[in-house]
2 protein chains.
Amino acid sequence: MVIAQDPAPAALLQPLLHGEAPAQRRALAKAITLLESTRPDHRRQADALLNALLPHTGRAWRLGISGVPGVGKSTFIEALGLHLIGLGHRVAVLAVDPSSSVSGGSILGDKTRMEKLSTHERAFIRPSPSGGNLGGVAARTREAMLVCEAAGYDVVIVETVGVGQSETAVADMTDMFCVLQLPNAGDDLQAIKKGIMELADLIVINKADLDPDAATRAQAQITSALRLLGLHGGAHGEPGAWMPRVLQLSALQAQGIEAFWQAVQEYRALQEASGRLTQRRQRQARAWMWERIDAGLREAFAHHPAVRERLPALTAEVLAGRVVASAAARELLACFGVGWIDGPSLPTNQERPPPC
Amino acid sequence: MVIAQDPAPAALLQPLLHGEAPAQRRALAKAITLLESTRPDHRRQADALLNALLPHTGRAWRLGISGVPGVGKSTFIEALGLHLIGLGHRVAVLAVDPSSSVSGGSILGDKTRMEKLSTHERAFIRPSPSGGNLGGVAARTREAMLVCEAAGYDVVIVETVGVGQSETAVADMTDMFCVLQLPNAGDDLQAIKKGIMELADLIVINKADLDPDAATRAQAQITSALRLLGLHGGAHGEPGAWMPRVLQLSALQAQGIEAFWQAVQEYRALQEASGRLTQRRQRQARAWMWERIDAGLREAFAHHPAVRERLPALTAEVLAGRVVASAAARELLACFGVGWIDGPSLPTNQERPPPC
């Protein structure tokens with residue numbers, strides 16, 4: 001059985017690639033709605049559309065932006081987006097928010113929070129796909145990013161509030177990952193979310209105008225922590241590798257936006273020259289394929305009648321310490337029709353990437 | 001099909017649970033060899049043995065130890081082990097080293113490196129299972145840990161050099177995870193491995209006698225980084241939660257071993273009183289079961305004839321940017337006989353734990 005053989009919907013393909021602003025924008029919104037649909041026929045059309053668009057993608061710069069609520073993400077993205085439009089770019093803003101409700105209305109990418117940018121004809125803002133798990137939400141956003149690129153948006157910003165693993169998901173679909181931080185508000189150091197330092201290519205201390213001294217202290221502290229974690233180069237950096245930086249700015253005052261974009265351009269030039277951009281995107285595409293395969297396997301497993309029948313009791317036995325977890329796993333795999341014993345006698349899957 | 005119905009091998013069960021030192025030790029070594037076997041009949045016997053031993057497990061303290069080569073892990077474990085034997089404990093030392101060759105001879109748990117401990121009748125040292133992937137090696141070590149516990153070892157130390165994801169694997173099978181660091185050797189700050197700070201319950205600066213000032217500086221720097229990362233409590237810690245600590249010691253001089261064990265005891269008391277120890281072990285058991293299920297599903301997928309035939313070409317298409325990764329995943333899942341579209345209309349698997 002081979003899927004994705006449907007023809008790409010011509011009614012969308014032509015205006016997306018060649019349409020004028022209003023028609024293209026309508027086609028863009030429709031295409032993203034199509035790929036968010038869970039109807040199998042829609043999904044086949046969406047796959048065909050994506051494969052047809054793929055040759056026209058990849059020329060945009062993909063920028064991930066993360067930060068806790070209140071850090072000023074929307075203000076920052078509006079200021080950055082308007083600056084980029086002034087430089088001649090077209091800017092798309094997407095979001096990954098697995099917590100958004102099925103009824104829509106994600107707080108992310110909310111047009112009312114980016115008033116000037118959302119009404120600009122050279123910008124396109126789309127809230128997070130709603131419902132489903134993080135993997136599904138992230139997959140839909142990746143696909144929407146490709147559609148935006150094919151429509152000629154040359155900067156795609158993907159934002160997230162960082163619920164659960166969503167920062168990793170956004171870092172894994174973008175060329176550069178930026179974390180917004182608040183300047184230190186008091187004596188206590190501001191805690192940075194677990195694991196986030198390792199993901200960040202750029203750390204931005206926003207609202208630096210409110211307390212310049214605190215912002216400077218935070219900058220020094222974070223720089224020092226990056227160095228301790230071996231993320232700031234020194235003797236530990238690979239030659240030619242980017243050293244994560246810490247910048248201060250004020251999005252509200254539109255101060256520091258130029259310096260931010262300058263740092264992004266430096267990073268981009270370095271990544272392109274070293275071949276790391278291509279490597280990163282290939283690694284992301286391969287990992288994305290396997291992530292979707294894993295998700296599909298898990299769903300099929302969880303919906304298998306024999307597994308569903310046995311799973312609750314066996315899970316309870318494992319939690320109560322009456323059955324060893326690995327023996328329970330083998331029994332459930334047998335229910336699914338897979339007889340499996342891990343060991344060196346089995347060939348390993350050479351196609352599979354190492355965990356990132 | 002239900003597996004693990006074989007009777008537990010009585011020839012091993014009795015001496016393991018009730019045998020005198022030399023007979024028990026032989027049975028222990030044989031049992032671990034049995035569960036490292038990849039023969040299906042051995043595996044069924046091993047599952048039966050493990051399930052029979054399970055009621056006798058869980059009373060040991062499971063201590064994970066990590067550190068780069070040269071940090072002095074063996075010296076530290078020997079000093080700690082002898083101290084614990086002096087306190088009346090029985091100590092087992094296991095290892096997770098996915099890089100160890102199939103021919104055996106892991107550098108970890110090497111008896112020649114722990115001369116006094118390895119010859120002590122109240123200690124049992126076993127090198128890492130060799131060959132296979134990390135998941136398989138970790139599963140065998142978890143199982144070996146259970147066998148040691150059933151045989152009455154009340155402190156089980158699991159060590160790793162920290163190749164790839166092996167630190168996460170060890171943290172996920174132990175009650176407490178300790179990282180050994182060297183004191184700062186020069187002007188340059190010592191880099192800590194990516195992601196390791198989030199795993200550590202205790203950070204030990206070994207060889208503090210060589211340069212006490214450097215050790216004290218390193219202690220202050222790491223403590224400060226832990227605070228910045230929100231791992232050191234302050235305003236960010238949960239009430240009653242353990243705050244990761246940084247200790248200095250010299251394993252070679254046997255200085256600081258008592259203070260180390262004191263910190264371990266404090267952690268243990270806190271975890272037991274708050275119910276976090278039970279929660280951690282239940283979370284580990286559930287995650288272990290699902291990790292083994294995932295590994296089995298991936299192996300079955302990778303060995304499926306239709307998948308094997310289509311995978312190389314489709315991977316090449318994805319890497320070349322001619323097929324969208326999510327569409328390729330759907331096509332490969334269809335080859336495997338799984339038709340799947342991710343979306344909110346599918347019920348989610350309630351039994352599955354969130355990623356740790």
Side-chain angles (χ1 to χ4, degrees), chain A residues 1 3-4 38 43 47 50-51 54 102 131-132 136 139 165 188-189 191-192 194-195 198 221 225 227-230 234-236 282 285 288-289 292-293 296-297 299-302 311 315 318-319 321 323-334 338 340-345 349 351 355, chain B residues 1 3-4 38 43 47 50-51 54 102 131-132 136 139 165 188-189 191-192 194-195 198 221 225 227-230 234-236 282 285 288-289 292-293 296-297 299-302 311 315 318-319 321 323-334 338 340-345 349 351 355:
Chain A
M1 177 177 154
I3 56 171
T38 54
R43 191 61 251 178
D47 279 348
L50 287 169
N51 285 336
L54 205 53
V102 178
Q165 300 291 306
D188 193 22
L189 277 167
I192 292 175
K194 230 173 151 173
E198 283 80 6
Q221 284 161 348
R227 200 178 290 130
L228 186 68
L229 290 168
H236 310 287
Q282 287 196 337
W288 179 20
M289 183 179 88
R292 294 287 78 199
I293 290 170
L297 291 173
E299 280 292 318
F301 182 82
L311 183 62
T315 301
V318 168
L319 294 183
V323 172
V324 174
S326 49
R330 274 186 288 274
E331 184 175 337
L332 289 166
L333 286 166
V338 170
W340 180 65
I341 291 159
D342 177 78
S345 63
N349 175 12
E351 295 295 319
Chain B
M1 177 176 153
I3 57 172
T38 54
R43 191 62 250 179
D47 280 347
L50 287 169
N51 286 336
L54 206 53
V102 178
Q165 300 291 305
D188 192 25
L189 277 167
I192 292 176
K194 230 173 151 173
E198 282 81 7
Q221 284 161 347
R227 201 178 290 131
L228 187 69
L229 290 168
H236 311 285
Q282 288 196 337
W288 178 21
M289 183 180 87
R292 295 286 79 199
I293 289 171
L297 290 174
E299 280 292 317
F301 182 82
L311 182 61
T315 302
V318 167
L319 293 183
V323 172
V324 174
S326 49
R330 274 185 287 274
E331 184 175 335
L332 289 166
L333 286 166
V338 170
W340 180 66
I341 292 161
D342 176 78
S345 63
N349 175 12
E351 295 296 321

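Numbers restart at 1 for each chain; the letters A, B, ... are given by sequence-line order, proteins then strands. Worth knowing before you read on, the calculation uses all heavy atoms, side chains too, and leaves out hydrogens, waters and symmetry mates.
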Practice item. Could you tell me which non-hydrogen atom of Leu333(A) sits nearest to which non-hydrogen atom of Gly296(B), and how far apart they are? Key: CD1-CA, 3.8 Å

Review point. Atom CG in Leu297(B), atom CZ in Phe301(A): separation rounded to 0.5 Å?
Key: 6.0 Å

**Study point:** Closest non-hydrogen atom pair between Val324(B) and Asn51(A), with its separation
**Key:** N-OD1, 2.9 Å

Practice item. Rounded to the nearest 0.5 Å, what's the gap from CD1 on Ile293(B) to CD on Glu331(A)? Could you check? Key: 10.5 Å

Study note, to complete from the structure: For Met289(A) and Ala329(B) the tightest heavy-atom approach is O-CB, 3.5 Å

Check your understanding: So which of Leu50(B), Val338(B), Leu332(B), Leu319(B) has the biggest tally of heavy-atom pairs under 4.5 Å with chain A?
Key -> Leu319(B)

Check your understanding: Out of Ala328(B), Ser326(B), Ala300(B), Gly136(B), which one racks up the most heavy-atom pairs below 4.5 Å with chain A?
Key -> Ser326(B)

Check your understanding: What pair of heavy atoms forms the shortest contact from Val318(A) to Ala285(B), and how long is it?
Key -> CG1-CB, 3.8 Å

